[in-house]
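See below for the structure under consideration.
All figures in this text were calculated on a predicted structure; none of them were measured in a lab. Remember, it's 1-based here, ligands and their atoms both numbered in the order they're listed.
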Amino acid sequence: MCGIVGAVAERNVQGILLEGLKRLEYRGYDSAGMTVRSPQGQLQRQRALGKVAALEERLAAEPLPGHSGIAHTRWATHGRPSEQNAHPHQSGERLAVVHNGIIENHEALRRELEGEGYVFTSETDTEVIAHLLERESRRVGDLLTAVQGVLAHLDGAYALGVIHADEPDVVIGARKGSPLVVGVGIDEAFLASDPLALLQVTDRFVYLQEGDAVRLSRGGVIKVVDADGYAVEREVQTFEHGDGAASKGDYRHFMLKEIHEQPAVIAAALEGRLGERSVLVESFGPDAEALFGQVKQIHIVACGTSYHAGMVARYWLERYTGVPVQVEVASEYRYRQVVVPEGTLFVTLSQSGETADTLAALRFARARGYLASLAICNVPGSSLVRESDLTLMTQAGPEIGVASTKAFTTQLTALMLLTLALGRVRGLDAGEQATLVEALRGLPGLVARVLELDPAIEALGTAFAEKHHALFLGRGAHFPIALEGALKLKEISYIHAEAYPAGELKHGPLALVDSEMPVISVAPNDELLDKLKSNLQEVRARGGELFVFADEQVGLAEEEGVHVLHLPHVHEALAPILYTVPLQLLSYHVAVLKGTDVDQPRNLAKSVTVE
Ligand code: G6P
């Protein structure tokens, strides 16, 4: 939700800020803006409705020279997308602020400030911060002190970047509840919502902690103060993934690139975590073995695609460890009177580690007597990772496409590792463990073979481009895969899609089936296959056109109205990972045919750091 960049450098900062915004567009892209302090000491601002490219055009016509600046790409929460509501927001001509997050008490603060004569020019919650800062900086004189003073009045979640015309070559940052990192350059310093935004200028980062504020000044001087106002040293960490992740390479879209990266990133997720015949329990940390022995229940909480990964894991965990599992979306969980039986492990799943509802769920859970919390996450240093007892990184590398692909399959891989680690501690049959470990080793190769079906899947996509609805069916652990397939199609092609457990078809959705409703089904070779085949006959009998992704060994043949695409045979437990891939490719090709914005679909954002 919204992306922030800031920079203080010897060179002009406009180019650094602009490149940073482009790399943060996945966080929001309804408007963008930048303020740079000119060498003469004036704040100069450019804002534009629409994507960062619109701002870039304005900057080409009227550049903003200077050595310190802040910039923002927006995903609207308070106030519609418009140039007036675009950040940076100013109080008068001397102070500007960019903000990611939500200020919950903004209405009361606005009334107070209006009472004092401040005039608001936008509908945003952010503008109260600008005026509060203006008031406070006049009182205390120094911008960092002013920011610290104002933070105490703000309820909600925020990451901020602030500049003041009277403080040459200084940018102040602060965070509580929204991500913010400091990029450490050579005699330069930067701020951003995500390290990715700054990889063109540095690979060294300080991950600010909750309540931290930071002052960046000329010569690369970085001063961090904690929530209590004390100056603190924060460790400088080197970013592990190369900058290649931030470019599309030869691919037309990030989403397609990320789909094709799956064999490599699934292998990365497994690397160093598999023993010869079992999973290395220490992959979850030194305390994992002792903790896993005490687990009697598991609660899994997540949002969006990550939630679907949790639903698959329930089938695995109950089947192989015998531990009862509940899975819930974070936005529901956090407002429920949750009953936590003794010995319950709390598991969060998140690509970003910054999703507001998931993070709030973790904080809510901490006070409820769980045995421990485990985060399965893709972003090292993210809030979820820092605040959990145990972590397992999914190693997918940065994911840019808003529709999640490789993050999902690596989450599933990590969840299978969890299943086998818990299973090992709880006495899962050694032969069964060895078979699954062997199957996991073969998984990247099988995913690569599924990717070879891309041209055939592209051809299938033509049947969908003119359709308005689609139905996805699956059974068992493939019901969540059907849900994920439907979500992908909705997100990027805007075709209305629903998913049902195939056995539920006759209880309602069958009424919708006719020649205009394509029905997509995944048919791996498992114990539910025969039941699924009967469900597919029910569709065929009503004139529905079927698209089936089936195991090459199941003997499903093409016929009039039934399109079958065969996938390589895979261990039944790992089939949900393999069968996700053709559904991703199908959605991708349908979206390309429809001409939608594949990587940045309308109304969505990659990382939802607001409730
Ligand atoms: C947003 C994204 C989804 C993602 C969800 C949860 O809605 O568009 O792709 O699945 O957030 O994000 P997380 O980072 O917690 O996995």
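No hydrogens or angles considered: a donor-acceptor pair under 3.5 Å links the side chains of Glu399 and Ser404.
The contact set between ligand 1 and Gln351, taken as ligand atoms under 4.0 Å from a residue heavy atom, comprises 13 (P), 14 (O), 15 (O), 16 (O). The ligand atoms of ligand 1 that sit less than 4.0 angstrom from a heavy atom of Ser306 are 10 (O), 13 (P), 16 (O). Close approach to Ser350 involves these atoms of ligand 1, each under 4.0 Å from a residue heavy atom: 13 (P), 14 (O), 15 (O), 16 (O).
Scanning the protein heavy atoms around atom 6 (C) of ligand 1, the nearest turns out to be Cys303 O, 3.4 Å. The nearest protein atom to atom 7 (O) of ligand 1, hydrogens excluded, is given as Val608 CG2, 3.8 Å; this is a heavy-atom distance. Scanning all protein heavy atoms for the shortest distance to atom 2 (C) of ligand 1 gives Lys606 O, 3.4 Å. Counting only heavy atoms of the protein, atom 8 (O) of ligand 1 lies nearest to Ala605 O, 2.9 Å. Protein heavy atom in closest approach to atom 10 (O) of ligand 1: Thr305 N, 3.0 Å. At the shortest separation from atom 12 (O) of ligand 1 among protein heavy atoms lies Thr355 OG1, 3.3 Å.
Here Tyr333 and Phe364 bring their ring centres to under 6.0 angstrom of each other.
Residues Pro582 and Leu453 fail the side-chain proximity criterion, which asks for heavy atoms closer than 4.5 Å.
One finds the CZ atom of Phe549 at 8.0 Å from the CD1 atom of Ile520 (value rounded to the nearest 0.5 Å).
Under the 4.0 Å criterion applied to side-chain N and carboxylate O atoms, Glu387 and Arg363 are assigned as salt-bridge partners.
The shell of residues lying under 4.0 angstrom from ligand 1, judged by heavy atoms, includes Val402.
In this pair, Phe464 and Phe547 present their aromatic rings tilted. The plane angle is within the 30 to 60° band.
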One pair to check against salt bridge (charged side-chain N to carboxylate O under 4.0 Å, His left out): Lys488 and Glu491. What are the steps and the verdict? CA-CA 5 Å; Lys488 286 290 88 90; Glu491 282 179 313; 3.4 Å; yes
